[in-house]
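These notes are about the structure you will find just below.
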Amino acid sequence: MPHNKLPRTPSLRHHKATGQGFVELNGRRMYLGVYGRRETQERYHQLIAEWIANGRELPIAPDQITVVEMVARFWKHALRYYRRPDGAPSDEIGNFRIALRPLVSLYGNTEAGRFGPKALKAVRQRMIDSGNSRGYINKNVQRTKSLFKWAVAEELIPPSVYQSLQAVPGLKRGRSEARETAAIKPVPEAHIDVVHPYASRQVWAMVQLQLLTGARAGELVGLRPIDLDTGGAVWSCTPPAHKTAHHGHRRVILFGPRAQRVLQPFLAGRAVTDYLISPQEAEAERYAKATIHRRPDQKPNPRRTDRTLGDCYTVCSYRRAIHRACEDAGVPRWSPHRLRHNTASRLRRDYGIDTAQTILGHRLGSAVTEIYCEANLARAVEIIAKTG
């Protein structure tokens with residue numbers, strides 16, 4: 001079946017032996033009354049509407065559905081719901097996959113309606129025993145709660161189940177066995193500059209762009225010429241996919257003169273829909289600089305992994321490239337996300353927290369008006385023209 005066609009909706013059929021109208025859904029035959037009568041037709045349409053709204057699945061009584069069956073139904077919803085504007089699955093799919101593993105492992109065959117606060121605490125303890133950090137555990141417990149909230153909305157379990165889980169608070173700092181992590185701090189300047197000789201020009205360009213614009217790594221790896229508005233003294237980009245896009249929030253990345261100089265070598269001769277920062281180009285340049293090359297008759301080495309070079313970097317591949325450069329330079333590893341803290345600290349110190357929030361793309365409070373946001377953006381453009 002072509003992927004753009006919806007599955008066929010089962011029709012109302014006539015059981016001639018009994019004169020009943022029936023429909024078959026998910027392998028079950030359901031009789032709806034005397035065939036040809038108006039009330040039978042109405043029951044059919046009502047049943048089909050509920051079946052489609054339920055993800056083309058028949059309802060299950062709350063005392064019958066198990067946790068693993070509930071997760072299976074939720075997964076169909078998640079694959080449709082957690083998607084980027086281009087249709088690709090978002091990172092939240094992977095987050096849910098990891099978050100729900102302890103739940104399914106411990107309580108997969110348990111009736112979902114019997115899952116309570118003590119069971120949730122047992123799932124959380126499994127996460128603690130696995131060595132996860134407190135913040136990471138709290139996020140995954142919240143994702144587990146959101147699974148049960150969805151199930152309540154789908155009438156798979158009683159509302160009281162989700163309400164009872166809300167009584168389980170998040171782990172507090174210093175009051176649990178969970179591992180604590182150090183606060184994220186800016187990268188020391190010396191640790192940034194020293195990796196330059198060991199990083200490709202593509203990776204180093206993204207490092208510079210993060211420092212100059214305060215952009216997230218995920219907002220830069222997929223940047224294309226067509227995404228840039230180069231009409232003014234300060235260039236801008238409004239990425240369709242970003243951290244708060246699903247809330248309808250707007251994100252603007254500003255590129256001042258220094259950031260433009262970083263971008264210009266990658267714009268020359270490139271198609272407008274091609275990615276600006278290409279790992280394939282980085283690998284070709286690295287190979288061209290190598291002093292020793294493979295002989296034409298040399299047998300290929302067996303591949304260690306199934307990974308291949310993509311058209312653009314991912315956040316993970318960008319982070320790995322920085323980690324390798326740090327190891328070669330002999331400095332402690334640092335991640336791209338910490339570069340935003342460098343920019344944030346500088347902007348807060350020199351221009352105040354409101355401007356820093358606007359440039360970094362932090363969502364301001366709901367009480368802030370659109371006029372105030374536009375004023376902040378205008379101020380941000382002035383500052384980036386000087387500093388970025």
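Here the structure is a predicted model, which is why all the values come from computation and not from measurement. For the single chain, residues carry numbers from 1 onward in sequence order.
Side chain of Glu219 to backbone of Arg216: a donor-acceptor contact under 3.5 angstrom is found. In terms of modelled atom types and a separation under 3.5 Å, the side chain of Ser130 and the main chain of Asn132 share no donor-acceptor contact. The closest donor-acceptor contact from the side chain of Ser105 to the backbone of Pro102 lies at 3.5 Å or more, if one exists at all. The backbone N or O of Lys185 lies less than 3.5 Å from a partner atom in the side chain of Arg338, making a donor-acceptor pair. Put simply, the side chain of Ser200 never gets that close to the backbone of Glu283: no donor and acceptor are under 3.5 Å apart. Gln20 contributes no side-chain N or O that, together with a main-chain N or O of His15, makes up a donor-acceptor pair within less than 3.5 Å. Judged purely by atom type and a 3.5 angstrom limit, Gln260 uses its side chain to pair as donor or acceptor with the backbone of Ala233. Panel note: side chain Ser133, backbone Glu180; no donor-acceptor pair is recorded below 3.5 Å. The main-chain N or O of Tyr313 is never found under 3.5 Å from a side-chain atom of Ser317 such that the two would form a donor-acceptor pair. A donor-acceptor contact shorter than 3.5 Å links the side chain of Arg134 to the backbone of Leu171.
Considering every non-hydrogen atom in both Ala215 and Arg340, the closest pair reads O-CG, 3.6 Å. The two residues Val203 and Ala321 make their nearest non-hydrogen contact at CG2-CB, 3.7 Å. In plain terms, the two heavy atoms of Ser236 and Val252 that are nearest each other are CB-CG1, 4.1 Å. The shortest heavy-atom contact between Arg224 and Thr273 is CD-O, 3.4 Å. Across all their heavy atoms, Pro336 and Ala217 have their closest contact at CB-CB, 4.1 Å. Scanning all heavy atoms of the two residues, the minimum distance from Tyr107 to Ala122 falls at OH-CB, 3.4 Å.
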Would you check, one step at a time, whether the test side-chain contact (heavy atoms from CB on, under 4.5 Å) holds for Leu223 with Ile253?
CA-CA 11 Å; Leu223 194 63; Ile253 305 172; 6.0 Å; no
Could you please spell out the steps behind the side-chain contact (heavy atoms from CB on, under 4.5 Å) verdict for Tyr198 and Arg324?
CA-CA 8 Å; Tyr198 302 97; Arg324 286 194 297 267; over 6 Å; no
Derivation of the side-chain contact (heavy atoms from CB on, under 4.5 Å) call for Asp229 and Trp235
CA-CA 6 Å; Asp229 181 355; Trp235 296 356; over 6 Å; no
Verdict with supporting geometry, Leu120 and Leu103, side-chain contact (heavy atoms from CB on, under 4.5 Å):
CA-CA 8 Å; Leu120 182 59; Leu103 172 69; over 6 Å; no
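The closest side-chain donor-acceptor pair between Gln125 and Asp129 falls under 3.5 angstrom. A side-chain donor from one of His45 and Gln41 sits under 3.5 Å from a side-chain acceptor of the other.
Residues Val104 and Ile98 are members of separate hydrophobic clusters, defined by side-chain heavy-atom contacts under 4.5 angstrom among Ile, Leu, Val, Met, Phe, Trp and Tyr.
The hydrophobic cluster of Tyr275 has no other members, since no ILVMFWY side-chain heavy atom comes under 4.5 Å of it.
Under the side-chain contact (heavy atoms from CB on, under 4.5 Å) criterion, Arg43 pairs with Leu32, Glu39, Thr40, sequence neighbours left out. Residues meeting the side chain to side chain donor-acceptor pair (under 3.5 Å) test with Arg38, sequence neighbours left out: Glu42.
Around the CZ atom of Arg29, the shell of radius 6.0 Å holds more than 12 heavy atoms that belong to other residues, nucleotides or ligands. For Gln298, the CD atom is densely surrounded, since the number of other residues' heavy atoms within 6.0 Å is greater than 12.
Salt bridge Glu281/Arg270: present, at least one basic N to carboxylate O contact under 4.0 Å. Between Glu327 and Arg333 a salt bridge is recorded (basic side-chain N to carboxylate O distance below 4.0 Å).
Between the CG atom of Leu220 and the CG atom of Leu209 there is a distance of 5.5 Å, given to the nearest 0.5 Å. Distance check: Ile137 CD1 to Gln142 CD gives 14.0 Å after rounding to the nearest 0.5 Å. Here the NZ atom belonging to Lys149 is positioned 14.5 Å from the OG1 atom belonging to Thr144, to the nearest 0.5 angstrom. How far NE2 of His196 is from CZ of Arg201: 11.0 Å, rounded to the nearest 0.5 Å. With rounding to the nearest 0.5 angstrom, the CZ atom of Arg114 is 13.0 Å from the OG1 atom of Thr66.
Between Asn140 and the choices Arg124, Lys145, Met127, the side-chain contact (heavy atoms from CB on, under 4.5 Å) rule is met once, by Met127.
A ring-centre distance under 6.0 Å is not found for Trp334 and His191.
With a 6.0 Å cutoff to the six-membered ring centre and a 45° limit on the axis angle, Arg13 does not count as a cation-pi contact of Phe22.
Classification of the Tyr82-His77 ring pair by plane angle, with boundaries at 30° and 60°, yields perpendicular.
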